[in-house]
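Following: one structure in structure tokens, then a few remarks.
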Amino acid sequence: MRDWSALVHRHLASVRVDERRRREISAELAAHLEDAYDAALRSGCAEAEATARALERVPDWGALAVAVERSADEDTIMTRQAITVLLPGTTMLLAAATGMSLVVSSTPPDRWLDPRWQVHTLAAGLTFLFLFYLLLGAIGSAWSRHVGGSPGERLAAGVFPLVLHVAIAGPVAGADMLYALSRGAAGLHLGINMINMILVMLVVPGAALLLGVLPFARRSARLDAQ
Amino acid sequence: MATMNPSIKRGSAELAVLAVLEQQPLHGYEIARRIEQESDGALRFTLASLYPLLYRMEKRGWTKATWETTPAGVRRRCYGLTTKGLKQLGATRLEWDAFFRALSRIGGLRRA
């Protein structure tokens, strides 16, 4: 007997609906083909003919995939990417902005400038930044997975708060680089500052977000088995 | 289904599905089988024509689908007509009735 579930699942793998819905649709269509196959067998067909009769119900798998996808898209207010990437990603970005604002506003200004505090402040700040972003990456990615995001969409949702950092650090780093280049050797210390800023603003939070995403970015074996 | 204008085809398919579900909740294969049987093979669904239609009808609230397990332990998604679907069936019947009356007058068609 043919594995109808595997056949349908393979042909509908490209359909852009959430994973839970795809599994439901695949199970339903496989059941239909199985019923058609069983009915053909009961009517006296040999296995090969019964299989052919069942497959007459799907003259074009591509057309079926497109029709299923279109029916899933109709009447949907939010697009798939809005649900699986933008919503969790933007929420985590706002949480990141709020967290960073709280840290900056709750630290006395002189502490940032006091040489005795700088090393401690930097170490504490980087540790907080790393752990906080690890959590944000994990939550964003888990949220995306919960609403049916693909591994790529979970990754995008998880690292989305980095947009904030790129928006802040990008122009500053660019301006710094231009200024350092215009000053020649005298601009070397500016280049070092720029590397520090890239490390603190992009590399550390980016690495933390990626690490947070990792446990949720893989395709779930449990969900796929359903 | 035979070659036909897509909007007429979709409308007729909706009527056919709603009408068989009026009798009792059914799963997809059984819906297609009954329509084919009761239309003497004139209306035949492929998966690509049946399931998107069923999903649209479910979204519009005309049907409600539930997973049921048969005595043999096989899971099937059964569609039942909702009150909204029943109203829609009444309205669709009236539309098609008026359509066939008009065609009969113009084309001299005979009705069963």
Side-chain angles (χ1 to χ4, degrees), chain A residues 1 3-5 7-12 14-18 20-43 50-78 225-226, chain B residues 1-3 6-7 9-11 13-14 17 20-21 25-38 41 43-80 82 84-85 88:
Chain A
M1 197 175 94
D3 186 350
W4 298 106
S5 294
L7 179 76
V8 173
H9 194 79
R10 194 171 65 242
H11 283 288
L12 297 188
S14 63
V15 172
R16 289 159 62 86
V17 292
D18 67 71
R20 189 168 297 166
R21 185 75 185 118
R22 193 203 326 272
R23 282 194 304 276
E24 271 197 352
I25 291 170
S26 295
E28 188 173 22
L29 301 189
H32 188 122
L33 291 174
E34 197 173 333
D35 285 338
Y37 173 80
D38 288 343
L41 283 182
R42 281 196 303 275
S43 72
T51 301
R53 281 209 190 175
L55 290 174
E56 278 175 14
R57 311 276 170 167
V58 198
D60 182 349
W61 284 100
L64 174 63
V66 169
V68 165
E69 192 170 301
R70 279 191 188 154
S71 69
D73 283 345
E74 279 179 17
D75 308 326
T76 303
I77 296 168
M78 282 202 282
Q226 282 179 11
Chain B
M1 291 176 79
T3 52
S7 57
K9 204 159 101 174
R10 183 190 276 197
E14 280 176 2
V17 170
V20 294
L21 290 180
L26 297 168
H27 58 79
Y29 173 76
E30 196 55 28
I31 292 170
R33 195 190 67 79
R34 290 209 185 184
I35 290 173
E36 193 174 331
Q37 191 180 43
E38 290 177 23
L43 299 177
R44 194 155 192 266
F45 283 95
T46 63
L47 266 63
S49 57
L50 177 63
Y51 284 93
L53 175 66
L54 288 175
Y55 300 150
R56 272 196 297 273
M57 292 168 81
E58 190 184 356
K59 271 187 181 173
R60 291 173 187 166
W62 298 355
T63 61
K64 186 171 168 54
T66 49
W67 283 98
E68 290 178 8
T69 306
T70 64
V74 184
R75 290 182 78 225
R76 293 285 181 268
R77 196 157 189 257
C78 282
Y79 294 85
T82 61
K84 199 175 171 184
Q88 182 61 36

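What you see below is based on every heavy atom in this structure, not just the backbone, and it leaves out hydrogens, waters and symmetry mates. Within every chain, numbering begins at 1; the chains are lettered A, B, ... in the order of the sequence lines, protein sequences first and strands thereafter.
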Using heavy-atom distances under 4.5 Å, tell me whether A:Ile25 contacts chain B through its side chain, its backbone, both, or neither.
both
Determine the minimum heavy-atom distance between A:Ala67 and B:Ala48, stating which atoms define it.
CB-O, 3.7 Å
Using side-chain heavy atoms (C-beta onward) and a distance below 4.5 Å, is B:Tyr55 in contact with A:Glu28?
yes
Between A:Asp35 and B:Arg33 (salt bridge meaning N to carboxylate O under 4.0 Å), is one present in this structure?
no
Side chain to side chain, B:Tyr29 and A:Glu34, heavy atoms closer than 4.5 Å
no
Could you tell me if the side chain of B:Phe45 sits less than 4.5 Å from the side chain of A:Arg57, heavy atoms only?
no
B:Thr46 side chain reached by A:Glu56 side chain, heavy atoms, under 4.5 Å
no
Region of B:Arg77 that comes under 4.5 Å of a non-hydrogen atom in chain A:
both
With heavy-atom distances below 4.5 Å as the criterion, would you say the side chains of B:Leu47 and A:Leu33 are in contact?
yes
